[in-house]
Amino acid sequence: MSVMKESSQLIPVDEYDGFRIRPGFFLENGAVAIPGGVSFTVQTQGGTGCELVLFEREAREPYAVIPFPEEYRIGHVYSMIVFDLDISEFEYAYRINGPYDPKKGQLFDKNRLLLDPYAKAVTGQSDWGVHPDYGFAYRARVVAPDFDWGEGKKKPIPMEDLIIYELHTRGFTKDVSSGVCYPGTFEGIKEKIPYLKELGINAVELMPIFEFDETRENRVVNGERLLDYWGYNPIGFFAPNTSYASEKEFNREGDELKSLVKLLHDEGMEIILDVVFNHTAEGNQDGPVISLKGFDNNVYYMLTADGQYYNFSGCGNTLNCNHPVVQNMILDCLRYWVIEYRIDGFRFDLASILGRSEDGTPLSKPPLLERLAFDPILGKVKLIAEAWDAGGLYQVGSFPSWNRWSEWNGRYRDDMRRFLKGDAGMVPAVMERMTGSKDLYDPSVRGYEASVNFITCHDGFTLWDLYSYNVKHNEANGWNNTDGENNNNSWNCGEEGETQREEVLRLRKKLVKNAVSVLMLSRGVPMLLSGDEFCNTQFGNNNSYCQDNKISWLNWDQLQENEDVFRHFQKMIHYRRRKNVLKRNTKAPQNGLPGVSFHGIHPWEADQEPESRVLGIMFAGKNREETEDEVIYVGMNMHWEPCTIELPEPGERRWEIISNTAWNQDVQVYDRKKIWLEERSVVVLEMIRD
């Protein structure tokens, strides 16, 4: 409001080619609408001159080019107010003059149109899969920041209480089986919020929604058009992907996303964005010049001494995250999403890159990660790191955290996958993973919110495919099945791929139920992949980044076909949400049991021998109100033969079966302390009063 009030007193001091101008707001990067005009602010360290280029909407040629007077430059920042502009009538870009010397990393070209790095809306991308044809270069629009959030103020959900649900905005509802009115859009997700509430999740994690060009790697393979479907190649960090909106939002880009955020908050859910600050769509020396390359290539990207691009991202370039200019841009970006979109958290793709120095070496105290950890605006925001990168830096358990960062626990995924498919020698690892990965994250320092536990995510097999395929089947991607991870720790249950054999299908369903059971009964923050709750398949493709079709789209018909699996997911999710001891250490129970204990065939005797595949874990403590004891026992038999296990003595209470993934659901606790465990099954029991 202060900017708007101050700007109403401003008057032009110069004129250029009929446009009235004056120096703008040097601390307000990007284009800011004010009464009577727009302030344009941009920076370049190596550029020697800057021009503002104005276009009518979708026009091929500009209708105005306005050079920034030299006196409108302070340091490396150009800022100019242009009066009498109606934000609904124009698009804009910049041209930067300066030296062209690729060996020094300088790519200035006074004739090249450049997208504003702080653009709040990017033009030309609003129709999915359609590349504009009007002499295209990326341009920006000015956005009116006047969305009505109402009176409500959302109370943050503690990290330990989250149950995260990862989804792709388009693929979640694009298939006709979704039954929504606006498939493949933010509005489509809104239509599915009642379903998400029924399932029980309380945090939605959206795969990248920063503006990207899905047509950038347009290919045809076996008659199928392949696109950059996942969107891990950002063009604009501050702009939402307009093709995810159900209608054109000229100068109100983002309103539909804000409406989704508001409704999620109203329904008691949070929203987390998967953000990509490790590279951009500009690629290496063979890639296009869209924005950052033209403003300051040798500032924004990690370059070798001869101007070549370091490639720790595996995507051609690497953002120079710990350069002060890039640090500021990333901080400004995240603050913007928190302030203007009220985003609750961020998952950082290939986050280890954010801790590399300008020459790529890992830093012990990366300034960017430290600034993010202590930034006042981001103080209540969830920060989740994918703690590795494509350059071989693997930091799971050692990511610089300042007790603010959580991590995707890749060790949890790998160890639990091996145990769940029956590998030998995994009991000691599972004891760590299910009790918070204390070997990686000291709970006395980091609590039980550092580990984000997952078994599946967008990158890899779906949960159904994990038990349907021994090997990946990525032939549809066009790379002769050479792309994607080879080490999947999967098992096809005796037959590769689709089958009509009832015994195989029954086993696969049981293993899916086993997986969600242990995930929901593990300390740490659980994350689910959308569609796993009804056995969604990608037909063995474990790298569907380019598949904008039925390979990647959720088939909602499977919800009815596999309702028993959905109900099991729902049951385990709601059970976890109710039980305090599954999420944190609590006060000791009255019966004196330890907070966590391990068991085998016999109570208090966990069998950690290499051939063991049976484990019991017991959690004991107080409920959240500290009025009642909670004692929960998880019995896991991953062997291909059944067994009988003895349970810890319940004292004056008795054991009640809460859940059993076995097909024989009539199993009971007998003699008050024994239970029969079917082969490859998980049972959950709770100690209750007689």
Side-chain angles (χ1 to χ4, degrees), residues 145 147-169 172 186 189-190 192-193 196-197 199-210 237-238 240-241 244 254-277 330-349 351 369 371-386 401-408 447-454 457-458 524-530 573 576-577 583:
F147 181 82
D148 182 7
W149 288 97
E151 298 298 323
K153 188 177 187 302
K154 184 193 72 68
K155 184 179 180 180
I157 301 173
M159 185 74 179
E160 293 172 14
D161 291 335
L162 288 187
I163 297 175
I164 301 172
Y165 186 84
E166 186 196 35
L167 65 84
H168 187 282
T169 298
F172 187 56
F186 297 127
I189 298 175
K190 285 174 63 178
K192 287 294 186 181
I193 287 179
L196 297 176
K197 287 194 67 178
L199 179 60
I201 62 97
N202 58 9
V204 171
E205 181 175 310
L206 299 184
M207 289 174 64
I209 55 92
F210 290 177
F237 295 115
F238 294 77
N241 189 330
Y244 285 164
D255 275 9
E256 189 170 307
L257 174 57
K258 292 175 183 178
S259 177
L260 169 62
V261 174
K262 184 177 185 303
L263 186 55
L264 286 170
H265 287 172
D266 291 344
E267 296 294 339
M269 294 184 233
E270 294 196 341
I271 183 166
I272 298 168
L273 297 186
D274 188 345
V275 294
V276 183
F277 290 113
I330 294 173
L331 277 161
D332 288 344
C333 176
L334 296 175
R335 291 168 183 155
Y336 174 76
W337 285 97
V338 170
I339 294 169
E340 293 297 330
Y341 287 83
R342 304 197 177 182
I343 299 302
D344 301 292
F346 301 96
R347 177 265 186 188
F348 294 79
D349 181 63
L369 299 181
R371 291 182 69 185
L372 290 172
F374 292 103
D375 185 76
I377 293 292
L378 306 179
K380 298 293 185 181
V381 169
K382 280 79 174 176
L383 303 175
I384 304 171
E386 182 183 39
S401 72
W402 291 274
N403 285 342
R404 274 284 287 121
W405 286 84
S406 302
E407 301 172 21
W408 267 24
Y448 288 94
E449 61 184 39
S451 176
V452 175
N453 301 330
F454 66 105
C457 65
H458 70 274
V525 182
M527 185 186 77
L528 300 167
L529 174 64
S530 64
I573 291 169
R576 177 186 178 83
R577 290 184 63 171
K583 295 175 279 190

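Quick caveat: nothing in here was measured; it's all calculated off a predicted structure.
Legend: residues meeting side-chain hydrogen bond (donor to acceptor under 3.5 Å, both in side chains) with D375, ordered by chain and number and at least two apart, are R335. By the side-chain hydrogen bond (donor to acceptor under 3.5 Å, both in side chains) test, S451 pairs with N409, N453, sequence neighbours left out. Qualifying side-chain contact (heavy atoms from CB on, under 4.5 Å) partners for K190, counting only residues two or more places apart in sequence or in other chains: E187, S259, L260, L263. In this structure, the ring-ring contact (aromatic ring centres under 6.0 Å, His included) partners of W337, at least two apart in sequence or on a different chain, are F210, Y341. Remark: E160 pairs with R584 by the salt bridge (charged side-chain N to carboxylate O under 4.0 Å, His left out) rule, at least two apart or across chains. Under the side-chain hydrogen bond (donor to acceptor under 3.5 Å, both in side chains) criterion, K154 pairs with E270, D344, not counting sequence neighbours. In this structure, K192 has no side-chain hydrogen bond (donor to acceptor under 3.5 Å, both in side chains) partners at least two apart in sequence or on a different chain. Scanning for ring-ring contact (aromatic ring centres under 6.0 Å, His included) contacts around F238 gives Y118, Y336, with sequence neighbours left out. Residues meeting the salt bridge (charged side-chain N to carboxylate O under 4.0 Å, His left out) test with K258, sequence neighbours left out: none. The ring-ring contact (aromatic ring centres under 6.0 Å, His included) search around H265 returns none, not counting sequence neighbours. Taking D148 as the reference, nothing meets the side-chain contact (heavy atoms from CB on, under 4.5 Å) condition, with sequence neighbours excluded. With sequence neighbours left out, R576 forms a side-chain contact (heavy atoms from CB on, under 4.5 Å) with I163, M520, P526, L582, K583.
Between V525 and I384 there is no side-chain heavy-atom pair separated by less than 4.5 Å. Within the 4.5 Å cutoff, no side-chain heavy atoms of S406 are placed close to those of K382. The closest side-chain heavy-atom distance from V452 to L162 is not below 4.5 Å. Side-chain contact between L334 and F348: present, with at least one pair of heavy atoms (C-beta onward) separated by less than 4.5 Å. Side-chain contact between Y165 and F172 is present, with at least one heavy-atom pair separated by less than 4.5 Å. A heavy-atom distance below 4.5 Å is found between the side chains of H458 and E166. Annotation: side chain of I201 is not in contact with side chain of I164 (no heavy-atom distance under 4.5 Å).
Closest of all the heavy-atom pairs between W149 and K262 is O-CE, 3.2 Å. Closest of all the heavy-atom pairs between D161 and N202 is O-ND2, 3.0 Å. Of all the heavy atoms in F346 and V338, the pair that sits closest is CE1-CG2, 3.7 Å. Taking both residues in full, the closest heavy atoms of R347 and D274 are given as NH1-OD1, 2.9 Å, listed atom of the first, atom of the second, then distance. Taking all atoms of both residues into account, the shortest heavy-atom contact from C333 to F237 is SG-O, 3.2 Å. Between L378 and L331, the shortest heavy-atom contact is CD1-CD2, 4.3 Å.
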task: Using the side chain to side chain contact (heavy atoms under 4.5 Å, CB included) rule, take I343 and V261 through it: C-alpha gap first, then chi angles, then the decisive distance, then the call.
output: CA-CA 7 Å; I343 299 302; V261 174; 4.1 Å; yes
query: Does the pair E267 and L196 meet the rule for a side chain to side chain contact (heavy atoms under 4.5 Å, CB included), with working shown?
result: CA-CA 10 Å; E267 296 294 339; L196 297 176; over 6 Å; no
query: Does the pair Y244 and L257 meet the rule for a side chain to side chain contact (heavy atoms under 4.5 Å, CB included), with working shown?
result: CA-CA 9 Å; Y244 285 164; L257 174 57; over 6 Å; no
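We find the CG-CG distance between L206 and L167 to be 5.5 Å, quoted to the nearest 0.5 Å. Note that CD1 of I209 is 7.0 Å distant from OG1 of T169, once rounded to the nearest 0.5 Å. How far CG of L369 is from CG of L383: 9.5 Å, rounded to the nearest 0.5 Å. M269 contributes atom CE, which lies 9.0 Å from atom CD1 of I157 (distance to the nearest 0.5 angstrom). Atom CG of residue D349 and atom CZ of residue F277 lie 11.0 Å apart, to the nearest 0.5 angstrom. Expressed to the nearest 0.5 Å, how far NE2 of H168 lies from CD1 of I189 amounts to 10.0 Å.
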